[in-house]
**Student:** 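I'd like to ask some things about the structure below.
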Amino acid sequence: MNETWEELKAECLACRKCELCETRTNVVFGGGRKDAEVLFIGEGPGEQEDLRGEPFVGRAGQLLDKMLLAVGLDRTMVYIANIVKCRPPQNRDPKPEEQEQCIDWLRSQVKIMRPKIIVCLGRISGMRLIKPDLRIMKEHGQWVERGGIYMMATLHPAALLRNPTQKPEAFKDYLSLREKIREICETTKI
Ligand code: URA
């Protein structure tokens, strides 16, 4: 089906495919530039994201903004989404069945957007999108190519808030991202 972005979004905002719809305030469809070449994918909305309907607007989001800025990026140049679009209660990990129910929304977004690069923010996103046995501390920053899309996982900004000593290591991934953007992107100028 050749759905438009707006049609997809309207359908997604009314989604009741899993139990997370019972406790959500807002569906967090994603935010940023619809025709972005670079797509960041986190795990799922937290409290602030649920209240505002926007991804990464809490403390982890502020750190993400800083890391982006440090390599010449901001939210108007990329798109940010999550594996699940509704907040898991108490910020627990999204259950495999919730991820399964939700992932088609993201697949449809990717189909329409056709990003050149996907950055998985954290273990859950990396395991879901890159490989189920991903070891985030060992394999973050490593690029893989899938169907013409370059993908890597980096440490989740919330994990960096808990372990600030890992920030320099994570920042190397953002430098590598900048290189990859310069190498393969056409409209993202940094
Ligand atoms: N953490 C995530 O994984 N996603 C958000 O949108 C916010 C925090």
Side-chain angles (χ1 to χ4, degrees), residues 8-9 12-13 15 17-21 23-34 36 38-69 73-110 113 115 117-132 134-137 139-141 151-164 166-167 169-171 173-174 177:
L8 180 70
K9 183 170 180 178
C12 179
L13 295 189
C15 179
K17 285 197 279 188
C18 83
E19 66 185 16
L20 296 181
C21 73
T23 46
R24 75 181 177 219
T25 313
N26 284 294
V27 175
V28 181
F29 185 67
R33 192 186 173 93
K34 286 184 290 209
V38 185
L39 171 60
F40 287 84
I41 301 176
E43 181 178 318
E47 185 183 21
Q48 290 306 312
E49 292 78 20
D50 173 64
L51 290 172
R52 291 174 50 187
E54 291 290 326
F56 283 95
V57 288
R59 280 184 67 226
Q62 287 165 17
L63 178 57
L64 176 62
D65 282 333
K66 275 195 202 165
M67 307 277 265
L68 292 178
L69 196 63
L73 289 169
D74 65 42
R75 284 175 191 242
T76 68
M77 303 161 77
V78 302
Y79 196 83
I80 304 175
N82 282 303
I83 295 287
V84 296
K85 300 204 179 291
C86 298
R87 182 191 182 201
Q90 278 84 48
N91 297 345
R92 61 160 170 75
D93 286 354
K95 295 177 188 168
E97 60 268 28
E98 292 161 353
Q99 297 184 36
E100 207 52 58
Q101 293 290 343
C102 204
I103 199 84
D104 278 344
W105 297 119
L106 186 62
R107 286 206 185 100
S108 300
Q109 283 175 297
V110 169
M113 181 182 291
I117 294 174
I118 292 179
V119 179
C120 298
L121 295 169
R123 186 180 63 90
I124 298 268
S125 170
M127 285 171 61
R128 187 79 217 181
L129 299 174
I130 296 178
K131 58 175 187 171
L134 179 90
R135 300 193 32 209
I136 188 78
M137 289 315 296
E139 296 176 88
H140 70 90
M151 307 182 63
M152 72 131 131
T154 187
L155 308 182
H156 195 291
L160 297 176
L161 289 173
R162 288 191 298 271
N163 302 297
Q166 291 170 353
K167 281 187 200 172
E169 192 167 335
F171 189 60
D173 300 344
Y174 287 78
L177 170 63

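We number each residue from 1, following the sequence as shown. Every number for a ligand or one of its atoms is a count from 1 in the order of the listing.
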**Student:** Can you confirm, on distance only, whether ligand 1 has an N/O atom lying under 3.5 Å from any N/O atom belonging to G44?
**Tutor:**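 Yes; the residue has a nitrogen or oxygen that sits under 3.5 Å from a nitrogen or oxygen of the ligand.
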**Student:** Going by heavy atoms, is H156 under 4.0 Å from ligand 1?
**Tutor:**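 So H156 counts as touching ligand 1.
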**Student:** Cation-pi between K34 and Y79: NZ/CZ under 6.0 Å from ring centre and within 45° of the ring axis?
**Tutor:**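 Cation-pi check for K34 and Y79: fails.
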**Student:** In this structure, does ligand 1 have an atom that sits under 4.0 Å from one of the heavy atoms of L121?
**Tutor:**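 Judged by the 4.0 Å heavy-atom criterion, L121 does not count as contacting ligand 1.
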**Student:** Which residue owns the protein heavy atom closest to atom 8 (C) of ligand 1, what's the atom, and how far is it?
**Tutor:**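 For this ligand atom, the closest protein heavy atom is F56 CE2, 3.7 Å.
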**Student:** Tell me the closest heavy-atom pair linking P157 and L63, and the distance in Å.
**Tutor:**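 Residues P157 and L63, closest heavy atoms: O-CD2, 3.5 Å.
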**Student:** Show, in sequence, the C-alpha distance, side-chain angles and deciding distance for E100 and R128, and conclude whether the salt bridge (Lys or Arg N to Asp or Glu O under 4.0 Å) test is met.
**Tutor:** CA-CA 10 Å; E100 207 52 58; R128 187 79 217 181; 2.7 Å; yes
**Student:** As an exercise, identify every atom of ligand 1 less than 4.0 angstrom from a heavy atom of G42.
**Tutor:**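 So the atoms of ligand 1 that pass are 3 (O).
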**Student:** Looking at R33 and M113, what are the two nearest heavy atoms and their distance?
**Tutor:**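 Scanning both residues, the minimum pair turns out to be O-CE, 4.1 Å.
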**Student:** Under 4.0 Å from ligand 1, counting heavy atoms only, is it the side chain of E43, its backbone, both or neither?
**Tutor:**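 Near ligand 1, E43 shows its backbone as well as its side chain.
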**Student:** Considering non-hydrogen atoms of the protein only, which is the closest contact for atom 6 (O) of ligand 1, and what is the distance?
**Tutor:**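 Scanning the protein heavy atoms, the shortest distance from atom 6 (O) of ligand 1 goes to N82 ND2, 2.9 Å.
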**Student:** Please lay out, stage by stage, how E98 and R92 fare under the test salt bridge (Lys or Arg N to Asp or Glu O under 4.0 Å).
**Tutor:** CA-CA 12 Å; E98 292 161 353; R92 61 160 170 75; 2.8 Å; yes
**Student:** Please report the shortest heavy-atom distance between S125 and G42, naming the atom on each side.
**Tutor:**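 Result for this residue pair: CB-O, 3.7 Å.
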